[in-house]
Each structure stands twice: as structure tokens, then as C-alpha cells.
Asks: 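Dropping a structure here in C-alpha cells format, bear with me for questions.
The residues of the chain are indexed from 1 along the displayed sequence.
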Amino acid sequence: MSKPSGVFRVCGNFTLPVLALLLVTGSDGLAARAATSKTAKSSKASVSKAAPTEAAFEQWLKKYGAYDRIVLPEPEQPGQDAETNVLKRAEGLLMQGAPQEALKILEAQPAFEDVPAEAQRLWLGAQAHRALGDPYKAVIWYSHSAKLLDGKALKERLNTEPGLEALWVDVWRRQFWTLAGAASSSSEALQNNLRTLLDQAELAWGPHNFWVKAKEALTLITGEAQPEPVAESKAPAKAVKPNAKGKDALLSITLSDRQRIAESLCAASLEDFARAQIALNELSDPALKDFWSAMITFMRTGKPHDTKVLRSSGYAKAAGFWSANLLAPFAEKREVWFLGNTTLSSWTKFRHNINQLPNQEAREAVDKEMQSLLLSDDMSRMLRSLKFVLLVENGDYDAARETWDALDKRKLPLSLRLAGGMLTQEDVKNLLPQEIGAAAKLSPALRSLLAAAGTGTNLVAEAPFWTKAEVGRNSDVNKDWPLDRLLVLADWQARWEAAPGQELARRSAFLFPDTTFSYGCLTYLTQKAIEGRYFQLAGTYLGKMESMATDKSAQAVRLGLKAKMERDSGKDAEALETYHALTELGVALEPKIRLDMATFLQLKNDFEGGRKQLLLLWEQRESLPRPLQAEVLFWLGEGEHSLRNYDAALDFYLRLAYEYPKEPMWPTVAMYRAAMIYELKGSFEPAKKFLNAVIATADTKEAKEAARNRLNALEAKSGKPTSAKDGHEAVYPF
């Protein structure tokens with residue numbers, strides 16, 4: 001048969017007009033055949049006149065989801081037709097949920113000479129990057145596309161893309177925060193990019209609150225305008241009302257407070273945490289004491305702080321510091337906080353001995369050691385650093401300043417950089433590593449900690465560190481300080497706790513990466529994606545979670561979600577492998593995750609493995625909700641039933657039916673299963689009674705009908721009962 005063309009597509013062994021006639025019967029069929037013969041001669045003309053355009057045909061294909069027909073490769077022709085073909089194929093791949101393949105096609109093309117085609121190529125590339133979970137590259141490609149559009153087209157295009165302004169805002173924010181902590185030599189390209197994105201945003205969305213403040217902040221940070229002095233009493237963003245003592249919205253940190261904090265950090269640098277805490281006990285404000293006590297605890301354990309005290313006191317930004325997890329890069333290798341090589345026994349022994357001496361004797365001992373002619377450069381530096389510590393602890397700040405000036409600040413442990421910086425008002429740049437990447441990692445944490453001690457200067461567009469502000473649904477923080485990272489984080493976290501939602505989760509996960517809050521948002525998004533069976537989306541979120549540094553408990557959450565996604569998408573082998581990885585973590589699992597694992601193991605005929613997980617759950621039943629307790633009992637019964645351990649299965653089924661009679665579904669199913677077992681054992685009377693109970697309690701008509709059919713079959717097989725029909729008296733043969 002020759003290949004059909006036009007509307008005569010092959011359907012089985014018939015063309016469509018023939019198939020249509022075969023579906024018509026009787027006189028209608030004859031009429032249809034007659035009508036066909038009358039119009040046969042004019043069919044070519046009518047088809048030609050009514051033929052839709054290629055664009056209309058593509059829209060029709062999109063309506064029915066036949067995106068693969070758009071993607072079909074065709075012979076490449078030079079010129080505009082080839083460009084159109086590339087764009088169609090890329091668009092079709094995007095519609096099919098294959099952004100990676102679409103991006104490969106688009107990136108393989110040189111820039112199109114035709115401006116509208118090039119704008120479309122860049123736009124599709126932006127959509128592909130966005131679908132792949134890369135907001136940065138997405139916005140950059142959108143921006144390059146927008147450069148090729150006039151003002152009207154730019155505004156229309158950017159406004160029709162769903163959620164683009166929010167994405168633009170958050171990308172701009174993160175790039176601005178990078179600029180705020182960047183070295184001047186590396187910031188020119190970043191400044192230019194921020195200006196471009198800002199100009200396009202103003203054209204597309206107008207001078208809204210965020211873009212007005214963004215423009216002000218950019219002109220300040222680039223030196224195009226001078227900042228106005230900020231009064232210390234300025235209270236932004238619905239400040240907490242003054243209390244009975246008349247304190248305003250800012251915590252006042254005295255010189256004495258700062259000295260106590262520096263003394264505490266110096267003691268902690270020698271790992272003398274008891275002395276460090278004693279120094280903090282003299283601080284004037286409970287919130288200030290809580291913050292710096294948390295800092296000492298972090299140096300000792302590597303664990304972040306619970307922010308309840310700071311949040312309840314209204315210090316949202318101070319709480320945001322801990323939620324932002326800025327110290328995470330310095331948690332695992334905590335030796336960066338301590339003076340000297342903590343693995344070198346000779347140094348640790350010497351340091352321990354110094355700690356046991358009174359301050360005067362300790363300084364004399366250090367001075368004596370420093371006079372040795374055999375000192376290495378490293379030992380000389382450590383001894384001079386130790387002398388600085390002892391001078392600060394003794395309150396001899398002038399001598400400490402002289403010692404500080406002679407030190408190489410960048411080689412000091414982080415605790416001493418902090419202590420010296422807050423005592424001497426040292427420029428932060430002198431405390432940061434010279435390597436750009438390392439400086440960018442340390443800068444936000446170091447600047448914030450100096451601000452927490454009442455020293456240093458606020459970054460552009462940031463509120464003072466100890467600002468008191470309301471956060472959450474009724475707060476104006478996001479309007480008043482939209483570029484203050486810690487305040488925005490505290491605000492969004494409060495909103496999340498009040499009302500979690502996917503939009504807030506998506507934005508928070510992107511804007512605050514590497515935070516516990518972000519991980520929680522990604523967990524929420526993954527769960528929602530799996531529930532909606534958006535497995536590709538769930539995979540993207542799981543990939544983000546995998547790249548984050550987390551403890552074993554958080555890893556268990558991720559692996560549990562990964563296994564569920566693999567189960568639901570039919571990838572049983574992968575799910576089994578993931579569950580094995582989950583058990584190897586050796587941590588306490590969420591009950592729902594453990595139950596999912598147990599039922600999956602049973603599904604794969606690993607009843608021993610399933611029983612082990614279920615018994616672990618049953619041991620902690622007192623902490624489980626009653627519906628979950630009932631479900632655990634049911635699956636324990638199912639496992640034994642499958643192994644033909646009928647007596648053990650009955651023990652679980654009957655306990656479930658007796659102890660959890662009001663729980664939905666499980667007790668009814670357990671009684672039906674019990675009836676099946678009694679029937680197998682030849683005990684027909686209890687089987688009938690359980691079936692009657694199922695008929696009386698089942699929630700669905702189908703369940704009642706199934707139990708009734710089973711009961712009828714049993715009565716036909718067993719005859720009349722040995723008890724009276726209408727009572728409980730036994731029927732005796734004699």
C-alpha cells in the first residue's frame with residue numbers, strides 16, 4: 001500500500017473514510033455512501049479550501065498532547081525554515097517534559113540571525129533551565145531574550161510567564177547578597193548584571209516597592225549615592241511595642257558587654273568552655289547572653305542553636321542568624337575555632353598547663369617561651385596569639401591592642417579574629433581569607449557575629465542586628481527590609497510555620513539554600529510532587545536534598561521519600577535498594593517511613609524483613625496514633641498469614657478487632673481475614689460469626705456483599721449450626 005497523505009491517515013487496514021462507513025449500518029449506511037459519491041468529485045477542492053494552517057494544526061496537536069508529532073526530526077534546510085524547525089522541536093520536547101533534550105538542541109545552535117527567532121531560542125532555553133531547577137540560568141536567559149524585545153513586547157512577554165516576577169526578585173536578591181560580600185575586583189560583572197535585571201524589571205513590572213528599594217540599594221553599594229546616617233533608635237517593620245521599662249526596639253550593647261564577649265571567645269579558643277561561660281554570665285541582657293552562650297555551645301559541639309528565646313524576645317534577625325545556618329561550613333572541622341594544632345600532643349599539653357596557672361604566671365610562662373631562639377614561625381605565632389588571649393582575660397586592653405597589631409589576622413583561629421575584631425574595630429576585610437571563595441564563605445557569618453557584638457557596620461539595605469521586629473503574616477518586614485537576608489528568612493519561616501504552602505516552599509528553598517528551613521521546604525515539595533505523581537519534579541527536589549550537607553536523620557527522610565517515589569513509579573528494584581540503604585543508616589525512622597518499608601518488603605515476599613520492621617514499630621506503639629497502631633497490627637497479621645503461620649496471624653487479627661473496633665477499615669478487614677483462617681482450620685462457626693460482624697460493620701456495599709457471599713458458601717458447606725437458631729442454647733443430640 002502506498003503511503004497515505006493529507007487527511008487519509010491509515011487506521012488498521014482502512015483509510016479513515018472507509019472506516020467511517022463501516023461504523024454506519026442499515027439505511028444510514030446507504031445514505032452515507034450516497035452522500036460520499038455525490039461529493040467525491042468536489043472533495044479535493046473543499047479540502048483545499050478548508051485546510052488549516054500549519055500553526056493551527058500545531059495548536060490542535062498541543063490541545064490533545066500529541067507533542068511528539070511536533071518533535072519529529074525533519075531534514076534540515078538552511079535559513080529561516082531550519083530555525084523554525086529547531087524551535088518547534090525544542091518546544092515540543094519541553095511540552096513532553098524533556099527539558100534536558102530541549103536544552104541540548106538550543107545550546108547546539110549558534111545565535112540566529114533572525115532577531116525574533118533568536119529571542120524565541122533564548123526564551124525556550126530559559127524555560128528549559130527553569131524546568132531543570134536552575135533559576136539563575138533561567139533568569140539570565142530570560143534577560144538575554146528580553147534584550148531583543150521592544151518595551152511593549154518585553155512587558156507582555158515577562159508578565160505572561162507564570163511566577164516570573166517572584167523568581168526574578170529572588171534571583172536578584174541572591175546576586176545582590178553575593179555582591180554585598182564580594183571583593184571589589186570581582187564585582188563589576190555582577191553589578192552590570194544586577195543593573196540589567198533591574199532595568200528590565202522596572203519596564204515589565206513597574207516601580208513596585210521591591211524594585212524601588214533594590215534601585216536605592218544598588219546605587220549605594222556601587223558608590224553612586226552616599227548612605228544617609230541611620231539613627232540607632234530607628235525601629236523598622238512594625239517594631240515590638242516598648243515594654244514597661246521603656247526600652248526601644250534596639251538592644252543596646254555596652255563596651256563592658258563587648259569586652260565580656262571577647263573574653264569568652266578567647267577562653268573558648270583554648271577550649272576552656274567553663275571559663276567562657278562564666279564571662280558571659282556578666283552580660284546585661286538575657287537575649288544577648290542567650291545568643292553568645294549559643295555561640296560557645298556551637299564551638300564546643302558544632303550544633304546550631306534553638307532560637308525560641310530570641311524569637312520570643314522579638315529579636316527576629318538574631319534568630320534568623322541561627323536559622324540561616326551561616327556557621328555550617330565551620331561546624332564539621334571545628335579546629336578552625338581553636339588556637340593551635342589540637343592534634344599535636346605537645347601543644348595541647350602546654351596549653352592545658354597554661355590554663356591551670358593564674359593569669360600573671362601564665363603570661364610570664366608564655367614570655368619565657370617566646371624568648372627561645374629555636375622557635376618555629378608557627379610556634380612563635382601561636383605563643384603571641386596566646387599572649388593576646390591572656391591580656392584580654394586580664395582586662396589589659398591597651399597591651400592586647402599592641403599584641404593584636406603585630407599578629408597576622410588571617411592566620412588566627414576564627415574565635416580570636418572575632419574577639420580582636422570587636423575590641424579593635426578592625427576592618428572586616430583584614431579578617432577574611434585572601435582567596436575569594438573562602439572569603440565569600442566566611443564573610444556573612446563574620447560580619448553578622450561582629451554586628452551581634454555591637455560593632456562593625458551594617459551592610460547596605462540591612463537593619464541593625466538587634467532590631468526587634470514582628471515577623472509572619474501581619475509583618476511588614478518583607479516590605480521594609482526586603483534585602484535583609486536574616487530578617488526575610490525569619491519572616492518567611494514564621495509564615496511557613498503558620499501556613500505552609502507550595503509557593504512559599506519553592507521560594508524559600510531557593511532563596512535560603514543550605515539551611516534546615518530549606519531542607520524542610522524541599523521535603524514538603526517532594527511529598528506533594530509524589531502525591532500528585534509528578535515524579536520528574538520530585539526527582540529534581542530529591543537531587544537538591546542529596547547535595548545538601550545533612551545528618552543521618554535528615555538523610556533518612558530523603559531516602560524514605562526516594563523509596564516511595566520509586567515504589568509509586570513502578571521501580572521496585574530501585575526502591576528495594578533504597579530501603580536497604582535506609583536501614584544501613586542505623587537511625588530511628590519516622591513511623592510512616594518504617595511502615596512503608598515493611599509493607600514493601602512484604603510485597604516483595606521478604607516477610608521476615610517486613611516482620612522485623614513492624615515489630616520495631618509495635619515496640620514504640622505508645623507513641624503512635626491509634627489508627628497507625630491498628631494498621632501495624634493488621635500488617636503483622638498479613639505477614640504471618642502469608643507465611644501460613646495461621647495461629648500467629650489470628651493473634652494479631654483478633655487483637656486488632658478487639659482493641660481497635662472503632663478504627664476505620666482495619667478491624668473489619670481483620671475479622672474477614674480471621675474468618676478465612678477459621679474456615680481453613682475447619683472451625684466454621686467462629687468463621688460465620690466473624691462474617692456476620694463484617695456484614696454489620698463494613699463501610700462499603702462491596703465489602704458487605706463479599707462477606708455475605710462467603711457466609712452463604714460456608715452455610716451451604718457446613719449445614720445448620722449446633723446452636724439454636726434464635727438463641728444461644730446448645731442443641732443436644734440426646
Side-chain angles (χ1 to χ4, degrees), residues 126 135-161 163-231 234-238 317 320 440 443-444 447 457-464 467 469 475-492 507 510-512:
Y136 272 125
K137 288 183 179 177
V139 169
I140 294 302
W141 278 59
Y142 281 129
S143 175
H144 285 317
S145 177
K147 288 177 183 178
L148 303 177
L149 305 175
D150 59 33
K152 183 179 179 181
L154 181 151
K155 183 174 183 177
E156 181 181 354
R157 202 74 187 273
L158 267 61
N159 275 282
T160 53
E161 188 72 2
L164 186 55
E165 184 181 9
L167 189 71
W168 209 282
V169 165
D170 293 338
V171 167
W172 201 94
R173 266 197 265 230
R174 280 192 56 176
Q175 291 203 337
F176 179 82
W177 293 338
T178 301
L179 177 65
S184 57
S185 59
S186 64
S187 65
E188 185 176 352
L190 200 52
Q191 289 180 30
N192 292 335
N193 188 49
L194 284 167
R195 286 192 189 94
T196 299
L197 294 179
L198 179 58
D199 291 343
Q200 291 172 336
E202 287 183 319
L203 282 172
W205 299 296
H208 296 169
N209 177 73
F210 177 83
W211 299 115
V212 170
K213 291 187 176 294
K215 192 168 189 176
E216 293 172 356
L218 188 58
T219 56
L220 288 172
I221 205 168
T222 56
E224 297 169 22
Q226 295 298 316
E228 296 180 5
V230 179
K234 182 179 178 181
K238 286 203 174 186
K317 185 166 181 176
S443 177
R447 289 178 184 276
T457 56
N458 298 325
L459 290 175
V460 170
E462 283 198 353
T467 296
S475 170
D476 288 332
V477 160
N478 206 45
K479 294 180 180 178
D480 292 342
W481 299 102
L483 291 171
D484 190 310
R485 181 184 182 188
L486 302 185
L487 268 181
V488 173
L489 171 57
D491 182 49
W492 285 18
R507 296 188 68 182
F510 168 69
L511 198 58
F512 306 109

Asks: Are any side-chain N or O atoms of D170 and backbone N or O atoms of L511, one a donor and one an acceptor, separated by less than 3.5 Å?
Replies: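 No, D170 side chain to L511 backbone: no donor-acceptor pair under 3.5 Å.
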
Asks: With heavy-atom distances below 4.5 Å as the criterion, would you say the side chains of Q191 and I221 are in contact?
Replies: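 They are not in contact (no side-chain heavy atoms under 4.5 Å apart), so the answer is no.
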
Asks: Looking at CG of L198 and CG of N193, how far apart are the two atoms once the value is rounded to the nearest 0.5 Å?
Replies: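 Between L198 CG and N193 CG, I get 11.0 Å after rounding to 0.5 Å.
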
Asks: Using 30° and 60° as the class limits, which term best fits the ring planes of W211 and W205: parallel, tilted or perpendicular?
Replies: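 Parallel, since the angle between the ring planes stays under 30°.
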
Asks: Within 45° of the six-membered ring axis of Y136 and under 6.0 Å from that ring's centre, is NZ or CZ of R174 located there?
Replies: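 No; the conditions do not both hold, so R174 does not lie above the ring face of Y136.
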
Asks: Nearest 0.5 Å, please: how far is OH in Y142 from CD in Q200?
Replies: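 So the CD of Q200 and the OH of Y142 are separated by 13.0 Å.
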
Asks: Not counting sequence neighbours, which residues clear side-chain contact (heavy atoms from CB on, under 4.5 Å) with A440? List them please.
Replies: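 Applying side-chain contact (heavy atoms from CB on, under 4.5 Å) to A440 gives none.
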
Asks: Check whether more than 12 heavy atoms from other residues, nucleotides or ligands sit under 6.0 Å from atom NZ of K213, and answer yes or no.
Replies: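 Yes, NZ of K213 has more than 12 neighbouring heavy atoms, counting only those of other groups under 6.0 Å.
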
Asks: So do the side chains of W172 and V139 get within less than 4.5 Å of each other, counting heavy atoms only?
Replies: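 A side-chain contact is absent here, since even the closest heavy-atom pair is not under 4.5 Å.
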
Asks: Report the C-alpha distance between F210 and N478 in whole Å, list the side-chain angles of each, state the deciding distance to 0.1 Å, and finish with yes or no for side chain to side chain contact (heavy atoms under 4.5 Å, CB included).
Replies: CA-CA 9 Å; F210 177 83; N478 206 45; over 6 Å; no

Asks: Nearest 0.5 Å please: distance from the CG atom of L197 over to the CD1 atom of I140.
Replies: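 Going from CG on L197 over to CD1 on I140, the span is 5.5 Å.
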
Asks: Is L483 close to R173 at the side-chain level, that is, under 4.5 Å between some pair of heavy atoms?
Replies: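 Sidechains of L483 and R173: in contact.
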
Asks: Check whether any side-chain heavy atom of W481 lies under 4.5 Å from a side-chain heavy atom of L486, and answer yes or no.
Replies: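 Side chain of W481 against side chain of L486, heavy atoms only: no contact under 4.5 Å found.
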
Asks: What is the distance from atom CG of D480 to atom CG of N209, rounded to the nearest 0.5 Å?
Replies: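 Here the interatomic distance stands at 7.5 Å.
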
Asks: Has T196 got a side-chain atom pairing as donor or acceptor with N192's backbone, closer than 3.5 angstrom?
Replies: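 Indeed, once roles are kept as given, a pair shorter than 3.5 Å links the two residues.
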
Asks: Nearest 0.5 Å please: distance from the CG atom of L218 over to the CD atom of Q175.
Replies: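 Going from the CG atom of L218 to the CD atom of Q175 covers 11.0 Å.
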
Asks: Do R195 and T222 come within less than 4.5 Å of each other through their side chains, counting heavy atoms only?
Replies: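 Of all side-chain heavy-atom pairs linking T222 with R195, at least one is under 4.5 Å.
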
Asks: Evaluate the side-chain proximity of L459 to W177: yes if any heavy-atom separation is below 4.5 Å, no if none is.
Replies: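 Not in contact.
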
